[in-house]
Student: 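Dropping the structure in here first, questions after.
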Amino acid sequence: QVQPVESGGGLVQAGGSLKLACVVPRRTSSNNGMGWFRQAPGKEREFVATINWRGGSSIYADSVKDRFTISRDNAKNTMYLQMNGLKPEDTAIYYCAVGRGPTGSTTAGAYQYWGQGTQVTVSS
């Protein structure tokens, strides 16, 4: 299957941490940029972070910069999102996406494969 699969979501208190993972087949992820997006209830999907296929370049949304870290381990066909200092406004379904080329993108339309999402809920 070509669909990425997210994991690692859960319920945490404000100020806590979570680490999300996204696993995809190598034929899908090889030489492709990847990204994380999120969607809160009643709101449109928004960009969170992206990383190129080599893992040496990344871009973050201003709302998560200095709190979240995106990384990837191509040997494991896995992308990660380390989330620290979580805030209630981070509550959303987080989606993994695989791009069409080696460069990451902040635009949802640049991605060709999407996971089904993992729920992150930050309380208090």
Side-chain angles (χ1 to χ4, degrees):
Q1 294 181 337
V2 77
Q3 182 183 17
V5 179
E6 304 96 336
S7 64
L11 173 64
V12 298
Q13 296 182 19
S17 298
L18 284 173
K19 188 174 184 178
L20 307 183
C22 170
V23 180
V24 298
R26 178 166 174 78
R27 68 179 183 275
T28 301
S29 62
S30 180
N31 298 325
N32 290 67
M34 298 180 68
W36 290 98
F37 290 75
R38 66 187 183 186
Q39 187 168 20
K43 294 193 174 184
E44 195 170 276
R45 180 177 53 189
E46 66 176 355
F47 167 74
V48 176
T50 184
I51 188 168
N52 69 5
W53 72 276
R54 291 189 175 188
S57 180
S58 59
I59 302 172
Y60 298 89
D62 289 342
S63 59
V64 306
K65 191 175 181 65
D66 300 324
R67 297 189 297 120
F68 291 10
T69 302
I70 188 171
S71 63
R72 64 190 297 169
D73 183 346
N74 290 340
K76 298 177 64 176
N77 303 326
T78 304
M79 175 179 67
Y80 303 95
L81 184 68
Q82 178 66 52
M83 304 184 294
N84 299 324
L86 284 163
K87 305 175 181 180
E89 52 262 44
D90 295 319
T91 296
I93 300 175
Y94 283 70
Y95 296 94
C96 169
V98 181
R100 295 183 172 89
T103 303
S105 176
T106 63
T107 304
Y111 296 88
Q112 59 182 328
Y113 305 120
W114 293 83
Q116 293 187 331
T118 185
Q119 177 70 48
V120 172
T121 302
V122 185
S123 64
S124 184

Student: Tell me which pairs pass salt bridge (charged side-chain N to carboxylate O under 4.0 Å, His left out) where either residue lies in residues 44-70, with sequence neighbours left out.
Tutor: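 Listed by first then second residue: Arg38-Glu46, Arg67-Asp90.
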Student: If I take atom OG1 from residue Thr103 and atom CG from residue Asn32, how far apart are they, to the nearest 0.5 angstrom?
Tutor: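 These two atoms lie 10.5 Å from each other.
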Student: Which other residues belong to the hydrophobic cluster containing Ile59, where Ile, Leu, Val, Met, Phe, Trp and Tyr are joined when side-chain heavy atoms lie under 4.5 Å apart, directly or via other members?
Tutor: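 The other cluster members (ILVMFWY side chains, heavy atoms under 4.5 Å, direct or chained) are Phe37, Phe47, Ile93, Tyr95, Tyr111, Trp114.
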Student: Please identify each residue that fulfils side-chain hydrogen bond (donor to acceptor under 3.5 Å, both in side chains) with Thr121, with sequence neighbours left out.
Tutor: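 Result, side-chain hydrogen bond (donor to acceptor under 3.5 Å, both in side chains) vs Thr121: Gln119.
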Student: Is there a donor-acceptor contact under 3.5 Å from the side chain of Thr50 to the main chain of Met34?
Tutor: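 Yes.
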Student: Do side-chain atoms of Asn52 reach the backbone of Gly33 as a donor and acceptor pair under 3.5 angstrom?
Tutor: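 Between the backbone of Gly33 and the side chain of Asn52 there is no qualifying donor-acceptor contact (under 3.5 Å).
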Student: Where is the tightest heavy-atom contact between Gly9 and Thr118, given as atom of each residue plus distance?
Tutor: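 Shortest heavy-atom separation between Gly9 and Thr118 comes out as N-OG1, 3.2 Å.
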Student: So does Ser123 get a backbone contact from the side chain of Gln13, meaning a donor-acceptor N/O pair under 3.5 Å?
Tutor: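 Judged by distance alone, no pair lies under 3.5 Å.
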Student: Suppose the criterion is disulfide bond (SG atoms under 2.5 Å apart): which pairs have a residue in residues 56-124, not counting sequence neighbours?
Tutor: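 Of all non-adjacent pairs touching residues 56-124, those that pass disulfide bond (SG atoms under 2.5 Å apart) are Cys22-Cys96.
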Student: For residues 108-124, which residue pairs pass the salt bridge (charged side-chain N to carboxylate O under 4.0 Å, His left out) check, not counting sequence neighbours?
Tutor: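 For residues 108-124: none.
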Student: Scan for disulfide bond (SG atoms under 2.5 Å apart) pairs involving residues 32-71, sequence neighbours excluded, and state none if there are none.
Tutor: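 The answer is none; no pair qualifies.
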Student: Check whether Ser105 reaches the backbone of Thr107 with its side chain - one donor and one acceptor, N or O, closer than 3.5 Å.
Tutor: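 Side chain of Ser105 to backbone of Thr107, a donor-acceptor pair under 3.5 Å: yes, one is there.
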Student: Could you report the tightest heavy-atom contact between Pro4 and Val24, atom names first, then the distance?
Tutor: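 Taking Pro4 first and Val24 second, the nearest heavy atoms are CB-CG1, 3.1 Å.
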Student: Only pairs under 3.5 Å count here: list side-chain donor-acceptor contacts from residues 79-88, not counting sequence neighbours, and write none if there are none.
Tutor:
| residue | atom | partner | partner atom | Å |
| --- | --- | --- | --- | --- |
| Gln82 | NE2 | Asn84 | OD1 | 3.0 |
| Asn84 | OD1 | Ser17 | OG | 2.9 |

Student: Calculate, to the nearest 0.5 Å, the distance between atoms CZ and OH belonging to Arg100 and Tyr113 respectively.
Tutor: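 The CZ atom of Arg100 sits 9.0 Å away from the OH atom of Tyr113.
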Student: Hey, could you give me each pair passing salt bridge (charged side-chain N to carboxylate O under 4.0 Å, His left out) that has a residue in residues 101-124? Not counting sequence neighbours.
Tutor: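 Every candidate salt bridge (charged side-chain N to carboxylate O under 4.0 Å, His left out) pair involving residues 101-124 fails, so no pair, neighbours aside, qualifies.
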Student: Applying side-chain hydrogen bond (donor to acceptor under 3.5 Å, both in side chains), can you list everything that pairs with Gln116, at least two apart in sequence or on another chain?
Tutor: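 side-chain hydrogen bond (donor to acceptor under 3.5 Å, both in side chains) check on Gln116 returns nothing, list empty.
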